[in-house]
Protein chains: 2
Amino acid sequence: MQEVNKPLSQRQKQILKAVIESHIANGEPVGSKYLVENKQIASSSATIRNEMAELERRGYLEQPHTSAGRIPSEAGYRFYVDTLLEEYAMTTREIQEINEMMKAKVGELDQNLSMASKVTSAMTHYTAISVKPGDRQAVVKRFQTVRLDNHRFILVMISSTEAVQSKTISVQDELDEQSVAQIAEALNACIAGKREDEITAPVLVELGDRLGTNTSLVMPLLKLVHAFMNGDDSGKMNVTGMDRLLDYPEYSDMQELRQLIGTLEDKNDIVKLISEAEKDQSNVVIGSESDVKVMENSSLVFRPIQKDGKTIGAIGVIGPLRMDYARVLALLDTVTGHITNMLEEPSSAKLIPGETEQAQSKENS
Amino acid sequence: MQEVNKPLSQRQKQILKAVIESHIANGEPVGSKYLVENKQIASSSATIRNEMAELERRGYLEQPHTSAGRIPSEAGYRFYVDTLLEEYAMTTREIQEINEMMKAKVGELDQNLSMASKVTSAMTHYTAISVKPGDRQAVVKRFQTVRLDNHRFILVMISSTEAVQSKTISVQDELDEQSVAQIAEALNACIAGKREDEITAPVLVELGDRLGTNTSLVMPLLKLVHAFMNGDDSGKMNVTGMDRLLDYPEYSDMQELRQLIGTLEDKNDIVKLISEAEKDQSNVVIGSESDVKVMENSSLVFRPIQKDGKTIGAIGVIGPLRMDYARVLALLDTVTGHITNMLEEPSSAKLIPGETEQAQSKENS
DNA sequence: AATTAGCACTGACAGTCCAAGAGTGCTAAA
DNA sequence: TTTAGCACTCTTGGACTGTCAGTGCTAATT
């Protein structure tokens, strides 16, 4: 019988660790006898039983029912992650596999993220996600226009974060090269570099003047700019290996699984979750630590990807509470390391494709 | 006892239809008694039993076990879809709901497709997909460059199908406006309008010459062009409402569900499936009619979206064999109708944003 | 000849009971 | 403080049961 709040003894820690690791490996409640036999713990099962009872009293373990072994509680996992975790030493095979998969292509950030997500899912056997946070205070740095034909041109917008978006625009009037160039000029003069709250009525009036014959474009263009700044692009997220969820019996409850898949598809909750956790400097969200209800029985482990001190993305893993935290954290480290490298050390070639996407458009005016 | 191959009698058709529709509604095997009581069929249960036995002999019905009712076989569904299907009359409420959801935004094709997918999933209660076929024989019609700073510029490629893709490119040499313009010129002169097999060694030599100091860009640029032409964009697919699968008990087998989710994520199989079915002028693929193994117990119903006689996309639904084909087909019709309208009758504004996406890129050289 | 009532039969399903097994808490001894 | 031992608890799986839905077949009816 221990005093409450007394720190855990060495042996208690050892037992807690053993219980958690066994449970992570097997998914089943672990009993005192099992520990004696499989983990070399130098005490009898009776002693272990006593200690486990104490650990339960302290809230680190739980018992599904009287005659079952113990499973870790959320607090148990939390303590484990914060204190007990040993760094997982990746096998050379694992390292090789990752290298193999990731060297393939030095692509764009989006592509890198989705590839990283694939790799992560494949290596960890959990569902992996990659997210790209929206950039809220972006501003259009430059406009560019490309004339397609008499009635259509492409508007290219480059944001301060160097995001690029292009739109095909159709107008009813005749368009010559000059008027198309004029549109770009006008936009660059009036809108470029301004935040949305700086785009005031007088600015718009001037823009209208500069557009000359194309005055009627003001509102539609403004709409595009607005859409771009408040990008649909923000909070992009990518899920890989959803089917992995079904590998774990904890997701055999249809009702729950259904909801989880729903949230994974919806993306909002997860993106929010990650950005909040990141604020708290935390990389591991265990069960109900998140306030997303359907994540109650799941853990989320992620690692942000930074560039110039700014978070430009994250790779993560979603799985049951009994996630192999050590291994996942190690794998995430190497995977995100690869990406950071790609971003920083351009390939041997002189040319480094940035991230892009493409757009297809066909419509008449 | 009927002759083999004799066409089905009126009554047999009626019974088959009743069985299928009951099964679609309830998911349970339907028995003779049930039909007498709930569907007004003017025969005794014994007669119906005899007819059902005959229908089973002909391969339209199956019996899960001796003392269960009958369920439709794949052939049964096929016959139903081809012959027995009555047009589903949508309720005004349904029509309104769709209108409501789809009027919201006249956006880009990609966005429209994904919205349509959402609407379809919400209305049908099945998992919905939208696909955009790749454009295999696309060619780069025009190149455009935008200088960012001394070491970086953006390359904009516009394909013959008016797809637009932009890439940020970093080089080690100093870049002035002129050399950036030169790059575009060179590309336009040498590469634009050519299929890949027309880009031969002499062409590349000339390109090198024209690039002047930037000769070393040839290969990297070529790589980009190649990537663009064989676009990662091709075969884009979008899945909405995966969680709906779990609404149907036929997907309670974990193993199977896992595989199905896997294929939905992988996308390739489905895209292939749709494009093949479309060749056969078919909109309904029932179970093992597809050669995708995991689709054995699922049906796929879709409807292509055409523009100027070319298929530019498709919306579809994936669900259990006992899908409500009539309703799904009707809903798909209206949803795709909406999209076609959007493509053809531009909004009241003068400006029609085409489809686009955006790219973000930050890297140093 | 076609239909139907009636009946024996079949197989799934849900419930009950039981024995086995795993693991515990507690007591008393080391 | 640790441990051996034992009684106790609870789950799990198997065997057995009765019920029930639905059938196929036969004989009677139209």
Side-chain angles (χ1 to χ4, degrees), chain A residues 1-3 6 8-12 14-16 18-20 22-23 25-58 60-73 76 249-250 252-253, chain B residues 1-3 6 8-16 18-20 22-23 25-58 60-73 249-250 252-253:
Chain A
M1 311 292 153
Q2 310 231 13
E3 294 287 310
K6 210 172 143 187
L8 293 185
S9 73
Q10 210 51 41
R11 190 172 62 192
Q12 284 169 332
Q14 194 192 6
I15 290 174
L16 179 56
V19 170
I20 292 181
S22 301
H23 184 65
N26 313 318
E28 268 153 32
V30 356
S32 53
K33 206 170 146 198
Y34 179 89
L35 287 185
V36 176
E37 279 162 11
N38 295 290
K39 306 269 167 176
Q40 29 271 42
I41 290 195
S43 306
S44 73
S45 67
T47 309
I48 297 181
R49 276 205 290 285
N50 286 332
E51 296 288 37
M52 291 206 298
E54 175 62 18
L55 286 168
E56 182 170 359
R57 223 162 294 135
R58 300 245 200 144
Y60 294 124
L61 293 180
E62 290 172 352
Q63 231 176 344
H65 57 265
T66 343
S67 84
R70 301 299 207 295
I71 60 173
S73 68
E250 20 273 283
S252 54
D253 179 67
Chain B
M1 310 288 156
Q2 309 230 13
E3 294 288 311
K6 211 172 139 187
L8 293 185
S9 73
Q10 210 50 42
R11 189 172 61 192
Q12 284 168 332
K13 284 186 192 171
Q14 194 192 6
I15 290 174
L16 179 56
V19 169
I20 292 180
S22 300
H23 183 66
N26 312 318
E28 270 154 32
V30 357
S32 53
K33 205 171 146 197
Y34 178 89
L35 288 184
V36 176
E37 278 162 11
N38 294 290
K39 307 267 163 175
Q40 29 272 44
I41 290 194
S43 306
S44 73
S45 68
T47 309
I48 295 181
R49 275 205 290 285
N50 287 332
E51 296 288 37
M52 290 206 298
E54 174 62 18
L55 285 169
E56 183 171 0
R57 224 162 293 135
R58 301 247 198 141
Y60 294 123
L61 293 180
E62 290 172 353
Q63 231 176 344
H65 57 264
T66 341
S67 83
R70 300 300 208 296
I71 60 172
S73 68
E250 19 274 282
S252 55
D253 179 66

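A note on names: the letters A, B, ... follow the listed sequences, proteins ahead of strands, and every chain is numbered from 1. Computed from heavy atoms alone, side chains included, the values below leave out hydrogens, waters and symmetry copies.
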- Which residues share a side chain to side chain contact (heavy atoms under 4.5 Å, CB included) with S44(A), sequence neighbours left out: A46(A), T47(A)
- Message: Tell me the interatomic distance from L35(A), atom CG, to dA22(C), atom P, rounded to whole angstroms.
- Response: 16 Å
- Contacts of P64(A) that satisfy side chain to side chain contact (heavy atoms under 4.5 Å, CB included) - sequence neighbours left out: P29(A), A68(A), I71(A)
- Task: Could you tell me which residues satisfy side-chain hydrogen bond (donor to acceptor under 3.5 Å, both in side chains) with S32(B), sequence neighbours excluded, listed by chain and number?
- Result: R49(B)
- State which residues pass side chain to side chain contact (heavy atoms under 4.5 Å, CB included) with N38(A); sequence neighbours excluded, sorted by chain then number. Y34(A)
- How many Å lie between CD on E62(B) and P on dG11(C), as a whole number? 18 Å
Show the distances under 3.5 angstrom between N or O atoms of the protein and N or O atoms of nucleotides 12-14 of chain D.
none

- Item | Qualifying residues under side-chain hydrogen bond (donor to acceptor under 3.5 Å, both in side chains), relative to E56(A), sequence neighbours excluded | R70(A)
- Task: Quick one: label S43(A) by what it contacts on the DNA or RNA (base, sugar-phosphate, nothing), any heavy atom closer than 4.0 Å.
- Result: sugar-phosphate
- Item | Test side chain to side chain contact (heavy atoms under 4.5 Å, CB included) applied to D253(B) - qualifying residues, sequence neighbours left out | Q255(B), E256(B)
- Item | Separation of Q14(A) CD from I41(A) CD1 (nearest 0.5 Å) | 4.5 Å
- Figure out the CD1/C1' separation between I71(A) and dG23(C), and round it to whole Å. 14 Å
- Task: List for me each residue that meets side-chain hydrogen bond (donor to acceptor under 3.5 Å, both in side chains) alongside E28(B), sequence neighbours excluded, and say none if there are none.
- Result: none
- If a protein heavy atom is under 4.0 Å from the base, mark B; if only from the sugar-phosphate, S; if neither, -; do that for nucleotides 17-27 of chain D going 5' to 3'. ----BSBB---
- Item | Rounded distance in Å - CD1 (I48(A)) to C1' (dG23(C)) | 13 Å
